[in-house]
Protein chains: 2
Amino acid sequence: MPNDQTQDTRRTLTLRDVSEASGVSEMTVSRVLRNRGDVSDATRARVLEAARALGYVPNKIAGALASQRVNLVAVIIPSLSNMVFPEVMTGISDVLEGTGLQPVVGVTNYLPEREESVLYEMLSWRPSGVIIAGLEHSAASRAMMAQAGIPIVEIMDIDGQPVDSAVGLSHRRAGRQMAEAIVASGYRKIAFCGTQMPNDFRAKKRLEGFEEALRRAGLSLLDREYYSGGSALLKGREMTQAILARNPDVDFIYYSNDMIGAGGLLYCLDKAIDVPEHLGLAGFNGVELLDGLPRRLATMDACRLDIGRLAAEIIAGKRPNPGKPEIIELFPTLQPGDTIRQR
Amino acid sequence: MPNDQTQDTRRTLTLRDVSEASGVSEMTVSRVLRNRGDVSDATRARVLEAARALGYVPNKIAGALASQRVNLVAVIIPSLSNMVFPEVMTGISDVLEGTGLQPVVGVTNYLPEREESVLYEMLSWRPSGVIIAGLEHSAASRAMMAQAGIPIVEIMDIDGQPVDSAVGLSHRRAGRQMAEAIVASGYRKIAFCGTQMPNDFRAKKRLEGFEEALRRAGLSLLDREYYSGGSALLKGREMTQAILARNPDVDFIYYSNDMIGAGGLLYCLDKAIDVPEHLGLAGFNGVELLDGLPRRLATMDACRLDIGRLAAEIIAGKRPNPGKPEIIELFPTLQPGDTIRQR
DNA sequence: TTGGCGACTGTTAGCGGTAACATAGTGTGG
DNA sequence: CCACACTATGTTACCGCTAACAGTCGCCAA
């Protein structure tokens with residue numbers, strides 16, 4: 001029986017309790033607790049004291065229903081465990097901090113049907129906005145968002161048609177850019193390692209852009225390897241080993257994310273492979289983990305913090321034209337690190 | 001103007017709209033949408049069709065207020081970016097999946113005042129349960145939880161007095177155990193690397209236990225180093241370097257988490273330091289990242305998945321004595337890896 | 001025929017707040 | 001000394017949905 005710190009029978013408190021305890025009307029209590037409207041200092045003090053003494057916690061459910069206002073922002077992302085979304089979340093929280101708005105996270109695990117149900121669930125709480133990763137959604141999801149009558153910001157990607165606003169970068173272009181840099185550095189036998197996930201559209205677009213640029217240079221991928229599940233670092237090692245076993249003459253490996261790239265790098269160092277002369281490596285995301293590696297992996301910063309910030313600003317109406325849909329493209333910078341030949 | 005897929009003026013739909021569209025009462029619509037009570041198949045079909053056609057999304061705010069039931073579980077954790085809580089979240093989600101309950105995450109950044117406000121905010125939505133990291137909370141936070149009249153599960157730690165239920169491990173014991181293993185392996189000049197954060201109570205308890213066991217063995221810490229912010233991997237390198245510079249004869253470094261431990265390991269490999277003969281290393285958490293490292297860092301598995309699972313089971317009433325407070329202690333296993341001498 | 005039961009649908013009264021308006025004090029200038 | 005503008009507080013009517021209860025209808029046993 002953990003819960004009997006206070007006097008009487010357990011019953012959740014309402015405004016009425018505070019009202020009775022402080023001798024004013026419920027309305028006045030409500031005003032005090034929300035800092036809204038004129039209340040005399042004396043009354044205010046009395047009410048606050050009573051509320052504190054009782055341990056009253058307002059019921060936002062009732063408040064939201066009555067006021068038709070909900071201070072929640074739905075944030076829908078595919079995963080929490082890959083170091084990319086936590087940073088986006090940080091950007092969102094930073095901006096929302098002072099606005100009275102609160103982010104609520106939903107995770108889809110890269111499953112469209114799960115995204116649909118998470119979205120439905122969240123919309124049923126009538127949030128003031130939605131921030132959702134990616135531009136690819138089921139028809140039902142798109143319809144829900146379009147209907148919702150609240151600002152929607154699709155983040156990470158801008159290769160496609162958003163429902164409302166979008167903040168992100170062109171992954172196709174990012175892939176292209178990386179391929180161009182690689183080719184310019186003289187690499188010719190290029191392989192790819194990525195995730196198995198069919199619904200990681202952004203990784204897919206990067207690969208598309210990458211292959212397109214290779215094609216233009218008269219090249220094509222020599223080999224490719226996919227993984228799913230498990231420790232990304234370990235998978236990076238294993239895939240690298242597999243590729244090099246099949247194609248000893250491969251001179252560059254492009255990884256769909258930094259984590260497997262780091263695994264590949266560690267593998268090469270273990271095997272004393274000459275990076276970047278004999279073999280070049282590159283990842284994607286610019287995760288801070290890379291800073292601690294023995295050598296700096298080439299990567300592209302995905303602007304995660306800015307994406308989070310800007311998305312939150314759109315929702316919070318902090319942009320120049322509040323309420324107007326915006327499409328904001330960010331331009332990731334290529335960080336060549338120590339794993340691409342300089343020439 | 002992204003939102004005008006449907007006919008008329010934008011106005012959010014209510015049960016009444018569906019009721020009118022399908023020619024039955026609101027109550028019947030409500031019953032259909034919740035799958036509650038008897039409704040004829042014909043009516044059910046008609047209602048579902050109407051709801052689908054209109055794109056109706058129920059208003060849970062109203063529903064929750066009327067039914068006094070909220071399918072939300074508040075999950076309050078210090079951080080998302082350290083690989084430990086995402087796994088706890090996975091455990092929670094797995095269990096909550098089929099129960100109709102939904103986790104809602106709040107992040108405190110290891111700040112007690114932020115924890116208090118996040119908790120207040122979450123309780124004001126009247127969730128059906130709270131899962132919160134740690135046993136150390138402000139008096140106000142403890143009071144709120146005790147008052148809330150819902151199951152509360154404090155996770156990760158059991159060295160202390162929970163408000164209601166608790167699932168976790170003894171970090172003090174974990175530290176002690178690691179120290180004993182280290183001493184048993186013959187190490188004597190032992191140093192420590194940890195986080196600066198004064199509110200990471202669990203790391204602090206591990207260190208306390210560690211030092212206590214050292215004391216019993218007639219030893220004490222030779223040196224210690226703290227960090228805050230930045231890439232943990234990099235900080236691990238730097239701290240290791242600093243310690244070895246100050247005390248070249250240190251023969252073991254205990255890290256408060258795996259990430260800085262991994263950084264230390266990479267540093268030692270770079271410098272061709274003989275691990276574990278000349279210098280032993282150990283971390284804490286058992287993060288899967290370690291699998292990809294050139295050598296397996298000694299660590300202790302923190303049972304994160306199980307903690308999440310069990311906490312969720314308590315909230316969901318899936319334990320033998322539903323509703324009864326429980327204190328569940330888990331026992332982490334020491335994984336000696338390749339960075340402690342075997343003898 | 002009548003009563004009763006089961007299957008289905010409707011009605012009523014809130015849930016705990018807040019918007020909007022109403023009302024009670026309080027001073028102020030003409 | 002009263003009309004008038006304020007300030008501080010109270011009243012009323014919902015917000016959109018659901019619990020609880022109240023029908024209605026068809027059918028079958030007595």
Side-chain angles (χ1 to χ4, degrees), chain A residues 11-48 50-51 54-72 100 120-121 123-128 148-149, chain B residues 11-48 50-51 54-72 100 120-121 123-128 148-149:
Chain A
R11 188 183 50 82
T12 77
L13 300 164
T14 74
L15 268 192
R16 153 157 265 111
D17 296 290
V18 183
S19 136
E20 282 168 359
S22 55
V24 297
S25 71
E26 299 174 36
M27 195 58 227
T28 300
V29 176
S30 169
R31 281 195 267 252
V32 169
L33 295 176
R34 285 177 301 144
N35 261 312
R36 193 86 28 125
D38 301 317
V39 181
S40 73
D41 290 346
T43 312
R44 171 181 311 279
R46 206 141 40 85
V47 169
L48 285 175
L54 291 169
Y56 173 71
V57 177
N59 185 330
K60 288 227 167 160
I61 295 176
L65 183 60
S67 68
Q68 305 282 49
R69 248 180 275 115
V70 180
N71 70 337
L72 264 24
Y120 185 81
E121 188 74 18
L123 286 181
S124 74
W125 288 99
R126 301 288 187 265
S128 340
Chain B
R11 188 182 51 83
T12 77
L13 300 164
T14 73
L15 268 192
R16 152 156 264 110
D17 296 290
V18 182
S19 137
E20 283 168 0
S22 55
V24 298
S25 72
E26 299 174 36
M27 194 59 227
T28 300
V29 176
S30 169
R31 280 195 269 251
V32 169
L33 295 176
R34 286 178 301 143
N35 261 312
R36 192 89 26 128
D38 300 317
V39 181
S40 73
D41 290 346
T43 312
R44 170 180 312 278
R46 207 140 39 86
V47 168
L48 285 176
L54 290 169
Y56 173 71
V57 177
N59 185 330
K60 287 226 169 162
I61 295 177
L65 184 60
S67 67
Q68 304 283 51
R69 247 180 275 116
V70 180
N71 70 336
L72 264 25
Y120 185 81
E121 189 75 17
L123 286 181
S124 73
W125 288 100
R126 302 289 187 265
S128 348

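Note: hydrogens, waters and symmetry copies are ignored here, and every other heavy atom, side chains too, is used. The sequence lines fix the lettering, A, B, ..., with proteins before strands; numbering per chain opens at 1.
The interatomic distance linking R36(B) (CZ) with dT9(C) (C1') rounds to 17 Å, in whole Å. To the nearest angstrom, P of dA8(D) lies 14 Å from CG of N35(A). The CH2-C1' distance, from W125(A) to dC17(D), rounds to 12 Å in whole Å. One can place CG of D38(B) at 15 Å from C1' of dG26(D), the figure rounded to the nearest angstrom. Rounded to a whole Å, the CG atom of N71(A) is 15 Å from the C1' atom of dT18(C). In this structure, the CG atom of L33(A) is 9 Å from the P atom of dG17(C), given to the nearest Å. Going from atom CG of N59(B) over to atom P of dT18(D) covers 9 Å, rounded to whole Å. Rounded to whole angstrom, the span from the CG atom of L65(A) across to the C1' atom of dG16(C) amounts to 9 Å.
Using a 4.0 Å heavy-atom criterion, one finds that R16(A) contacts no nucleic acid atom at all.
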Check: Going through the checks in order, is the side-chain contact (heavy atoms from CB on, under 4.5 Å) test met by V39(A) and T28(A)?
Finding: CA-CA 7 Å; V39(A) 181; T28(A) 300; 4.2 Å; yes

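Using a 4.0 Å cut-off, some side-chain N or O of Q68(A) falls inside it from OP1 or OP2 of dG16(D). Distances shown here put every side-chain N or O of T43(B) at or beyond 4.0 Å from the OP1 or OP2 atom of dC8(C). Between S40(A) and dT9(D), a side-chain N or O to OP1/OP2 separation shorter than 4.0 Å is present. OP1 or OP2 of dA19(D) lies within a sub-4.0 Å distance of a side-chain N or O belonging to R69(B). An OP1 or OP2 oxygen of dC17(D) is reached within less than 4.0 angstrom by a side-chain nitrogen or oxygen of Y56(B).
No donor-acceptor pair under 3.5 Å is formed between the side chain of S19(A) and the backbone N or O of S25(A). Under the 3.5 Å distance criterion, the side-chain polar atoms of S124(A) are left unmatched by any main-chain donor or acceptor of V57(B).
The salt bridge (charged side-chain N to carboxylate O under 4.0 Å, His left out) test applied to R16(B) returns E20(B), E26(B), not counting sequence neighbours.
In this structure, K60(A) and E121(B) have side chains that are in contact, with non-hydrogen atoms separated by less than 4.5 Å.
The residue among A66(B) and V39(A) whose nearest nucleotide of DNA chain D is located toward the 5' end is V39(A).
Within residues 18-32 of chain B, the residues having any heavy atom under 4.0 Å from DNA chain C are, by residue number, V24(B), S25(B), M27(B), T28(B), R31(B).
Separating the OH atom in Y56(A) from the CG atom in L48(A) is a distance of 12.5 Å, to the nearest 0.5 Å. Note that the CG atom of L65(B) and the CG atom of N59(B) stand 10.0 Å from one another [nearest 0.5 Å].
Candidate nucleotides dT9(D), dT18(D), dT18(C) were compared by shortest atom distance to the side chain of R34(B), and dT18(D) ranks first.
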